[in-house]
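Below: one structure, written as structure tokens.
Lettering follows sequence order; numbering is per chain, from 1. This is a predicted model, so every value here is computed, not measured.
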Amino acid sequence: MTAYIFKRVLAVIPILIFVGIATFSLVHIAPGDAANIMAGDYAGPDDVKLIRAELGLDKPVTTQFVEWASRTLRGDFGKSIYSGRTVAELVSQRLEPTISLTIVGGTLAVLLGIPLGVFAAWRAGSRWDRGIQIFAALGISVPGFWLGFIFILAFAVYLRWFPVIGYVSVTEDFTGWIRSITLPVSLLAISGSSVIIRMTRGSILEVLREDFIRTARAKGLANRPVLFRHALRAGAIPIITVIGTLAGALITGVVVTETVFTIPGLGRLIAETVQNRDFPVVQSMLMLLASFYVFINLMVDLAYVFFDPRVRL
Amino acid sequence: MVFRKKAWLLVITALSSVTMLIMACGGEAETITVVETVVVEKEVEKEVEVVKEVEAPQSDGRYGGELTIALGAAISTLDVHRTTGTTAYEVSFAVQERMMSYNSDLQATPLLVDTWEVSADGMQWNFTLRDGIKFHNGVPFNAEHAVKSWERWAERDNYGSLIFGFVDDISVTGDLTFSIDMVEPTALVLEALARIGGYAPVMMPPEMYDVAAAEGADVLIGTGPYELDEWATGDHLRVKRYEDYSPADSAASFMAGRKDAFFDTVDYVVIPDSNARVAALEVGQVDLLGRDVPADMVDTLTANPDVRVAVATTSPAREGAWIDNIEGPFTDARVRRAFAMAFPVEDALIAGHGDSRFYTLCPSMMACAGKWGGWADGSEGVYNYHDKGGLEAAKQTIKDLGLVGTDITVLQAGDRARFSGPAEISRQTLEKMGFNVIFKQTDWATQTNWREKPELWDVFHTAGGGAWAANPLLNSSLAKNKYWNKYQDESGAMTAGMEELARASSADEQLAIVKEMQNVFWQDVPYISFGDSFGVGAVRADVQGAQSLYSMSWNPYNAWRSK
């Protein structure tokens, strides 16, 4: 197991090198640069040229890549072209809201998704099953930004239960924190749980047809132990995989959620920096996300061992 | 069994309700149920935003509280000598000051300057600064700061390079005095000290002006009524009252005169989405939307008694189609003029702004709401002439010049509704004229990059506001080779007009010159000017004294919340 983990961690290095080259190329292939946006609408060609030279954006792309790569290898992820703040500073400022949303949203998605998925499989073909499937289908297919605005309109503008915008730190005011994350977390939980419901239902349905389930029932076991002790554990592998993917998807999902609800997290940071072509921040954020995905995948692989003793790493 | 299920359902329902109630009743909800008598302004049609003199405070009742202003885009930099972007400008109004400032008659009047005099031959200007002014870092403001800040600004701004063409030398003659020796006289000196639009000629301490403007200072220090408290990049910027502020003695008037920081703090909050901005205003989470209230939201907001909508008819922008003057068919002035003749400007304004409350047809070169706009000289037979024979004449011109089927590239920035609609009108017009239109749909950031390369485009859409729209000397699209349209002014008439205007000494003389320049404009058509368009802002009804200053940036000072 230790050797396996060590190998997986080593494998991260070529992945990050590839991601680094790919993101650098993508960011520089995309038209538009920070000099134009920084200069503003009234600035002319001379202004833009001056700012571009000052920012080093007029250097050949290969030179820029070598400079960026050598800085990154030294652990210097650069600083924002606009604010002059280091990427580490920006990320630390924005981390808390995103962690709040993803942890609470992800947990709710799992707590909602697995029981509903199991229940739908158990009552397959019933009205309950159809209802849960409709919920899951809507949760997956309705665009997050649209549902977000509906939530704002209903619960923030008309009912005034929750704020329209903003985030309150959990350390500042607990009730305020709950109120500020309720709508965005609901959005994340609905879309996340929908994916889990579909995967759980499918997986459990398959397991319920297995011989060992029939044997368990023949032995007179009640529904609950059959479902949760035998069926769920046996069908856990695909569910864990989808939850792992979901953890990554939640991070990218917060780009939309944080923008709609004006929450100053990492998602909004990504959206802003891409829009403003703030290259150093975009590159570092993409590297960070790639590392996160790799880490989650590793965790998922390790979880297989726990749920399925046949798996040997 | 049935009973147990029902009981569980009841317990779950009760728990959910209690949880929702706790969430809903917590925090701010307890503090917003205040009934107040407010003045409801329901009329929005052609509501004219009257620039009123704001009186100096007579009592302390107006002090206190927080003003929250929503910004649509992040503040890109703290240094307004680095950007012409409007969000940085907006914050600068609260924190930094100019030596001279415009009053409600748009006259440049002293703000940080105490007195000034000009020699009889106009060759020397002497300025004395007000005593007792301190920067937010406690350093007393002096003549050296004034001169160095102004010189830093002039290196960046096109008005700066224009005025410095007239300047021989600037010398600091005392702690609070400096003089400007001229190469030749011009009436533009005071305007250059008060300049709004472009880069802002604000006063800075050495910590800011010692940093190259293109690099940008990472601090924000001024002499204004508010000082920087906190900047969370991309999220919000908060300023707080500067307790050592030294206000001017004169009565407050537009950007000039006395400024009082009634609010303890002013929070500029970035809300990227326009629907969220409007919703936040409706529920009172923000107090003011300076600009970009979507046209389809105006009626909803107007119906809300807690909100006052303001259409900024006194500070219009000029919308237009910018044409590539140095590559492709539009290098020929006859083709540019033909495009203008065929162009249905009102359709373009409707496509960009929704309805006629937010624009006026205006055939002049400069904004009709400004002092150098409002007449039709030179525009007859060109402006909004498409259905009076303009389109047919344009088609004939294209045919005569053998350009039928020639490729024309039109850029459309899809993320700016104000410009993407008119781009569609350009596409249709050019196709009707006989061109083969290549329509490139992209985003604003990409368009700003593509417009640098003349081979990538022939037409794009944008707008200019403030002094850019009102004063030809500050409109870089009219200057030879200055803006992205790269106007060439083959006859030299526009450049000559600019030089004459800069030297003109009386208002009548200036007016005659601008009218002549307008004839050249509609002959050469460096770009097609559609008309005046107005930003739409909205403010909570209990906020008093707030007014639009420039390009829908509002004053946070001299504004207070009625109790």
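- Proximity to chain B at a heavy-atom threshold of 4.5 Å picks out Thr259(A), Val260(A), Thr262(A), Pro264(A) from residues 256-264 of chain A, in numerical order.
- For Val270(B), the parts sitting under 4.5 Å from any heavy atom of chain A are the backbone and the side chain alike.
- Within residues 91-110 of chain A, the residues approaching chain B closer than 4.5 Å by heavy atoms are, in numerical order, Gln93(A), Arg94(A).
- With contacts defined as side-chain heavy-atom distances shorter than 4.5 Å, the pair Thr448(B)/Val48(A) does not qualify.
- Here the closest heavy-atom approach between residue Lys482(B) and residue Asp46(A) is recorded as NZ-OD2, 4.1 Å.
- Proximity to chain B among residues 278-288 of chain A is not found for any residue, judged by heavy-atom separations below 4.5 angstrom.
- Between chain A and the options Trp231(B), Trp450(B), Trp444(B), heavy-atom pairs under 4.5 Å are most frequent for Trp231(B).
- When every heavy atom of Ile51(A) is checked against every heavy atom of Arg82(B), the shortest pair comes out as CD1-O, 3.5 Å.
- For Asp443(B), the part lying under 4.5 angstrom from a heavy atom of chain A is the side chain only.
- The shortest non-hydrogen separation linking Lys486(B) to Pro45(A) is NZ-CG, 3.9 Å.
- Using a cut-off of 4.0 Å between Lys/Arg side-chain N and Asp/Glu carboxylate O, Asp273(B) and Arg268(A) are scored as not salt-bridged.
- Contacts between residues 472-480 of chain B and chain A, defined by a heavy-atom separation under 4.5 Å, are made by Ser476(B).
- Using a 4.5 Å cut-off between heavy atoms, Ala213(B) does not touch chain A at all.
- Between Glu54(A) and Ala212(B), the shortest heavy-atom distance links the atoms OE1-CB, 4.5 Å.
- For the pair Glu452(B) and Arg52(A), the salt-bridge criterion is met [side-chain N within less than 4.0 Å of a carboxylate O].
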